[in-house]
Amino acid sequence: MRNIRYLIKGDYSAEQLAEDLRVQLDINRQNNVRITPVKNRNEVIVQVPEASGSLEEIVGSFMQDYHSGVILE
């Protein structure tokens, strides 16, 4: 599994974005993802399986306007 940490811009809530991302992934029938909001750091951690290019593309497209940085772990 890979972790992708999205550092959320100050105008947005990590908890709300995590919920919205869950809905988007459910629509795209991507159920093998863990999404964890970290309220005190205002970031969202998305855990995806290795070699999941299309899934990472869906998440990246959704999050592109909401984050100020990305950390890959």
Side-chain angles (χ1 to χ4, degrees):
M1 297 293 273
R2 283 175 46 133
N3 289 330
I4 307 169
R5 293 174 46 199
Y6 290 96
L7 309 174
I8 305 303
K9 293 178 182 176
D11 300 343
Y12 302 103
S13 163
E15 292 172 324
Q16 184 60 51
L17 279 174
E19 184 59 34
D20 293 347
L21 180 57
R22 281 186 190 102
V23 170
Q24 181 65 40
L25 292 173
D26 284 345
I27 290 169
N28 286 298
R29 296 187 175 126
Q30 299 290 336
N31 300 324
N32 53 347
V33 179
R34 293 187 66 196
I35 302 167
T36 306
V38 182
K39 185 178 180 179
N40 62 343
R41 292 190 307 225
N42 203 32
E43 68 182 34
V44 175
I45 300 172
V46 180
Q47 192 174 47
V48 298
E50 293 289 337
S52 58
S54 64
L55 176 57
E56 288 183 39
E57 187 176 316
I58 292 168
V59 172
S61 293
F62 179 85
M63 295 297 288
Q64 74 183 16
D65 294 332
Y66 302 113
H67 69 82
S68 61
V70 177
I71 300 171
L72 301 174
E73 299 178 333

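What you see is a predicted model; the values in this text were computed from it and never measured.
Rounded to the nearest 0.5 angstrom, Q30 CD and L21 CG are separated by 11.0 Å. Rounding to the nearest 0.5 Å places OG of S61 at 11.5 Å from CD of E56. In this structure, CG in N3 is found 11.0 Å from CD1 in I71, a value given to the nearest 0.5 Å.
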request  = Report the C-alpha distance between Q16 and D20 in whole Å, list the side-chain angles of each, state the deciding distance to 0.1 Å, and finish with yes or no for side-chain hydrogen bond (donor to acceptor under 3.5 Å, both in side chains).
outcome  = CA-CA 6 Å; Q16 184 60 51; D20 293 347; 2.9 Å; yes
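Side-chain contact check for I35 versus L25: some heavy-atom pair is nearer than 4.5 Å. Proximity of L55 to N28: side-chain heavy atoms (C-beta onward) are nowhere separated by under 4.5 Å. The side-chain heavy atoms of E73 and R2, taken from C-beta on, include no pair separated by under 4.5 Å. Looking at heavy atoms from C-beta onward, L7 lies out of side-chain contact with V70 at the 4.5 angstrom threshold. Inter-residue side-chain proximity for V44 and I8 is flagged as met; some heavy-atom pair is nearer than 4.5 Å.
Cluster membership for I45 and V59, using ILVMFWY side-chain heavy atoms within less than 4.5 angstrom, is not shared.
When all heavy atoms of P37 and A14 are compared, the closest pair comes out as CB-O, 3.7 Å.
Residue pairs meeting the ring-ring contact (aromatic ring centres under 6.0 Å, His included) criterion with at least one member in residues 1-54, sequence neighbours excluded, are Y6-H67, Y12-Y66. Under the side chain to side chain donor-acceptor pair (under 3.5 Å) criterion, the residue pairs touching residues 34-43 are R5-E43, R41-E43, with sequence neighbours excluded.
Proximity of a side-chain donor or acceptor of S68 to a complementary backbone N or O of K9 within less than 3.5 Å is not detected.
For I27, the side-chain contact (heavy atoms from CB on, under 4.5 Å) test picks out V23, with sequence neighbours left out.
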